[in-house]
Amino acid sequence: YPYSTSIIFPLAEIIYDNTGNLEEPEQLILKAFKYFPYDNMTLEALIKIYGLKEDMKKYAHYSYVAGIRKHSTQKLRNAEVAYFYIKELDNMKLARKKIDELENRSNVQ
């Protein structure tokens with residue numbers, strides 16, 4: 001299984017630790033996302049990479065996806081702030097709407 005996350009994640013970490021370069025680890029993690037799109041660890045790795053690269057657009061996107069999948073208001077808040085920062089107000093409003101839905105659902109239960 002050459003595309004196993006148990007191989008990809010340590011390899012990406014070793015490459016980053018030895019080179020300090022995020023390009024190759026990013027490509028490995030994106031390959032993991034291609035093969036394992038519903039894996040939460042892959043989403044977390046992408047969020048971390050784009051946070052380190054200060055790529056707010058991709059950071060916001062993957063934070064939003066993680067927030068939706070995990071029903072995480074914190075991830076959605078991170079996406080909301082990042083979308084505000086890059087002035088994508090429509091996406092910011094979508095994140096806010098999902099946060100409100102999750103908070104209302106938890107208040108009802």
Side-chain angles (χ1 to χ4, degrees):
Y1 300 101
Y3 298 118
S4 169
T5 56
S6 62
I7 294 171
I8 291 174
F9 292 147
L11 180 60
E13 191 172 325
I14 289 168
I15 291 169
Y16 178 68
D17 287 345
N18 287 328
T19 66
N21 185 348
L22 286 168
E23 297 305 317
E24 194 171 351
E26 176 187 10
Q27 294 309 311
L28 287 169
I29 302 300
L30 285 170
K31 189 173 285 194
F33 187 71
K34 176 182 175 184
Y35 289 102
F36 310 103
Y38 297 104
D39 181 62
N40 286 328
M41 293 287 291
T42 303
L43 278 174
E44 292 298 327
L46 286 169
I47 292 167
K48 184 176 181 178
I49 284 174
Y50 292 122
L52 289 170
K53 289 181 80 172
E54 297 180 1
D55 185 336
M56 286 296 112
K57 185 171 185 140
K58 290 180 181 176
Y59 175 84
H61 171 74
Y62 289 109
S63 293
Y64 182 80
V65 171
I68 295 295
R69 288 189 186 165
K70 297 165 80 174
H71 303 280
S72 169
T73 56
Q74 184 58 50
K75 294 288 183 200
L76 289 167
R77 282 190 183 97
N78 293 347
E80 179 186 30
V81 169
Y83 282 132
F84 176 77
Y85 180 76
I86 60 174
K87 296 178 179 40
E88 288 193 11
L89 301 181
D90 290 338
N91 288 331
M92 184 192 81
K93 290 175 186 175
L94 282 175
R96 169 50 45 198
K97 181 180 175 187
K98 291 296 183 183
I99 292 167
D100 292 342
E101 288 173 6
L102 287 174
E103 287 176 344
N104 288 336
R105 187 180 311 152
S106 67
N107 289 337
V108 171
Q109 296 174 351

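Excluded from the calculations below are hydrogen atoms, water molecules and symmetry mates; all remaining heavy atoms, backbone and side chain alike, are included.
When hydrophobic clusters are built by joining Ile, Leu, Val, Met, Phe, Trp and Tyr residues whose side-chain heavy atoms come closer than 4.5 Å, directly or via intermediates, L102 is grouped together with M92. Taken together through direct or relayed side-chain contacts under 4.5 Å among Ile, Leu, Val, Met, Phe, Trp and Tyr, L22 and I29 form parts of separate hydrophobic clusters. Connection of L28 to I14 is not established within any shared hydrophobic cluster, with ILVMFWY side chains joined at heavy-atom distances below 4.5 Å, either directly or through further cluster members. With hydrophobic clusters built from ILVMFWY side chains whose heavy atoms lie under 4.5 angstrom apart, L11 shares a cluster with I8. L52 and M56 fall into different hydrophobic clusters, defined by Ile, Leu, Val, Met, Phe, Trp and Tyr side-chain heavy atoms under 4.5 Å apart, directly or through other members.
Using a 4.5 Å cut-off on side-chain heavy atoms (C-beta onward), T5 and M41 make no contact. Residues F9 and T42 meet the side-chain proximity criterion, which asks for heavy atoms closer than 4.5 Å.
More than 12 heavy atoms of other residues, nucleotides or ligands lie within 6.0 Å of NZ in K70, so this atom counts as buried by the packing criterion. Within 6.0 Å of CZ in F36 there are more than 12 heavy atoms belonging to other residues, nucleotides or ligands. Atom CD of E101 sits in a crowded spot, with more than 12 heavy atoms from other residues, nucleotides or ligands closer than 6.0 Å. Within 6.0 Å of the NZ atom in K93, the count of heavy atoms belonging to other residues, nucleotides or ligands does not exceed 12.
Every residue meeting the ring-ring contact (aromatic ring centres under 6.0 Å, His included) condition with Y35, not counting sequence neighbours, appears here in chain and number order: Y3. Residues passing the ring-ring contact (aromatic ring centres under 6.0 Å, His included) test with Y62 are F33, Y50, sequence neighbours excluded.
Rounded to the nearest 0.5 angstrom, S72 OG and N40 CG are separated by 10.0 Å. Taken to the nearest 0.5 Å, the CD1 atom of I68 stands 11.5 Å off from the OG atom of S63.
Nearest heavy-atom pair across H61 and Y83 is CA-OH, 3.5 Å. Taking all atoms of both residues into account, the shortest heavy-atom contact from K98 to Y64 is CG-OH, 3.7 Å.
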### Step-by-step side-chain contact (heavy atoms from CB on, under 4.5 Å) determination, R105 to H71
CA-CA 11 Å; R105 187 180 311 152; H71 303 280; 3.9 Å; yes

#### Entry: Test log, rule side-chain contact (heavy atoms from CB on, under 4.5 Å), inputs N21 and I15
CA-CA 8 Å; N21 185 348; I15 291 169; 5.9 Å; no

Distance-only donor-acceptor pairs under 3.5 Å for side chains of residues 74-82, two or more places apart:
unit_1	atom_1	unit_2	atom_2	d
Q74	NE2	N78	OD1	3.0
K75	NZ	E44	OE1	2.9
K75	NZ	E44	OE2	3.3
R77	NH1	T73	OG1	3.3
R77	NH2	E103	OE2	2.3
E80	OE1	R96	NH2	3.2
E80	OE2	R96	NE	3.0

